[in-house]
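Within every chain, numbering begins at 1; the chains are lettered A, B, ... in the order of the sequence lines, protein sequences first and strands thereafter.
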Number of protein chains: 2
Amino acid sequence: MYTIGQISEMFHLPISTLRYYDKEGLFPDMERVSGIRKFSEKEIEALRAIECLKKSGLEIKDIKQFMEWCGKGSETYSQRRDLFLKQKEIIESEIQRMNQALDMIKFKCWYYEQAMKDGNEDRLHSMKPEDMPEEIRQAYKNTHK
Amino acid sequence: MYTIGQISEMFHLPISTLRYYDKEGLFPDMERVSGIRKFSEKEIEALRAIECLKKSGLEIKDIKQFMEWCGKGSETYSQRRDLFLKQKEIIESEIQRMNQALDMIKFKCWYYEQAMKDGNEDRLHSMKPEDMPEEIRQAYKNTHK
DNA sequence: TATTGACCTGAAGTTAGGTTTAGATATTAT
DNA sequence: ATAATATCTAAACCTAACTTCAGGTCAATA
């Protein structure tokens, strides 16, 4: 049995965050002794899961839902799988968006590198995609389709 | 010269968003006729830039800064490049994080697919990484290093 | 002239995931 | 017994990028 301060050190999480998770229902039936929280192995397990699910981009309410399903056993496997399938779609499309953004930024970096060399943007303004270096042309193309 | 309603339709942006951008200083010296905003080519250009920079993940205040630098001409090329270089770092590390999250999620999807087939998690619990399919083992490994 | 519709403002509300604050209670050390 | 430290709660605050609201103005139509 651990106090909130001990858990805070163990997980490098602020005490306020642990209390917030508790308030959000992420530690159902956590024990209390004269009002003070007692974290057991069960809550430590929950915290490990929380850390993992947060990294997967799940929101607190989804994590809570997931934990509730876990408590219900094998009847909820398909709901849990569906949650992750949905999250997979979300993350995949975010990655796609980010890669487009990255191409746009790479183009901008190159653009200002050239502008700095030339001292002006004249050459850049009269430049067509086919005059650009292959890599930059690709990046430019990806952001304009 | 366009009204805020016309621009709202042109860019598929709510009127409230356009007023918000204006309040944040993204349309410096926009004309007004008896209090009513008049969007000219200059503001339309600005909006096109805003859309692009937002896709690059820049915050409003960065966009404002960028636009101010643009107004100052060639002396600010290096600041502008630095802004994008910094943003490049940010986006690249976000993409890395997302890819790790994706691997974690792929593992979870596979895990619950197996649990559904088996009707329980017994086989999964006694499974070692080397018993997993190559792709899943890779994903699992990536999220645990 | 009256009314409708588009526009204006400042202020407050929204969301998520916390953090901070104030004041109370509990535990531990001297 | 007292002082210091740790914990508790509810409520307010935080950020970013908007959105909504209440109340007022402006311009064109009936």
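A salt bridge does not link A/Asp82 with A/Lys88: none of the charged nitrogens is closer than 4.0 Å to a carboxylate oxygen. Between A/Lys54 and A/Glu51 there is no salt bridge, since no side-chain nitrogen of the basic residue lies less than 4.0 Å from a carboxylate oxygen of the acidic one. We find that B/Lys42 and B/Asp29 are joined by a salt bridge, their nearest charged nitrogen and carboxylate oxygen being less than 4.0 Å apart.
At the heavy-atom level, B/Arg19 lies under 4.0 Å from base atoms of the strands shown.
Side-chain contact between B/Tyr2 and B/Ile44 is present, with at least one heavy-atom pair separated by less than 4.5 Å. Between A/Met30 and A/Phe39 the shortest side-chain heavy-atom distance falls below 4.5 Å.
Along DNA chain C, the nucleotide closest to A/Ile15 and the one closest to B/Ile4 are compared, and the more 5′ of them pairs with B/Ile4.
The line from NZ of B/Lys106 to CE of B/Met104 is 13.0 Å long, rounded to the nearest 0.5 Å.
At whole-Å resolution of the value, CD1 in A/Ile63 and P in C/dG17 are 8 Å apart. The nearest whole Å value for the distance from the NZ atom in B/Lys38 to the C1' atom in D/dA27 is 10 Å. Here D/dA6 presents its P atom at 16 Å from CD1 of A/Ile7, a figure rounded to the nearest Å. Taking atom NZ of residue A/Lys55 and atom P of nucleotide C/dG17, one finds them 17 Å apart after rounding to whole Å. C/dG17 atom C1' lies 13 Å from atom CG of A/Leu13, rounded to whole Å.
Nearest heavy-atom pair across B/Met132 and B/Arg137 is O-NH1, 3.2 Å.
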Detail all sub-3.5 Å separations between protein N/O atoms and N/O atoms belonging to nucleotides 11-18 of chain D.
unit_1	atom_1	unit_2	atom_2	d
D/dC18	OP2	B/Tyr21	OH	3.2
D/dC18	OP2	B/Lys54	NZ	2.7

Between the protein and nucleotides 25-29 of chain C, which nitrogen or oxygen pairs come in under 3.5 angstrom?
unit_1	atom_1	unit_2	atom_2	d
C/dT27	OP1	A/Ser34	OG	2.8

Practice problem: Quick one: do B/Phe84 and A/Phe107 satisfy ring pair (Phe, Tyr, Trp, His ring centres under 6.0 Å)? Show the steps, please. | Solution: CA-CA 9 Å; B/Phe84 287 114; A/Phe107 175 76; 9.7 Å; no
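The shortest distance between the side-chain N/O atoms of A/Thr3 and the OP1/OP2 oxygens of D/dT7 is below 4.0 Å. Within the 4.0 Å cut-off from OP1 or OP2 of D/dT9, at least one side-chain nitrogen or oxygen of A/Arg32 is found.
Side-chain contact of B/Glu121 with A/Tyr77: a donor-acceptor pair under 3.5 Å is present, judged by distance alone.
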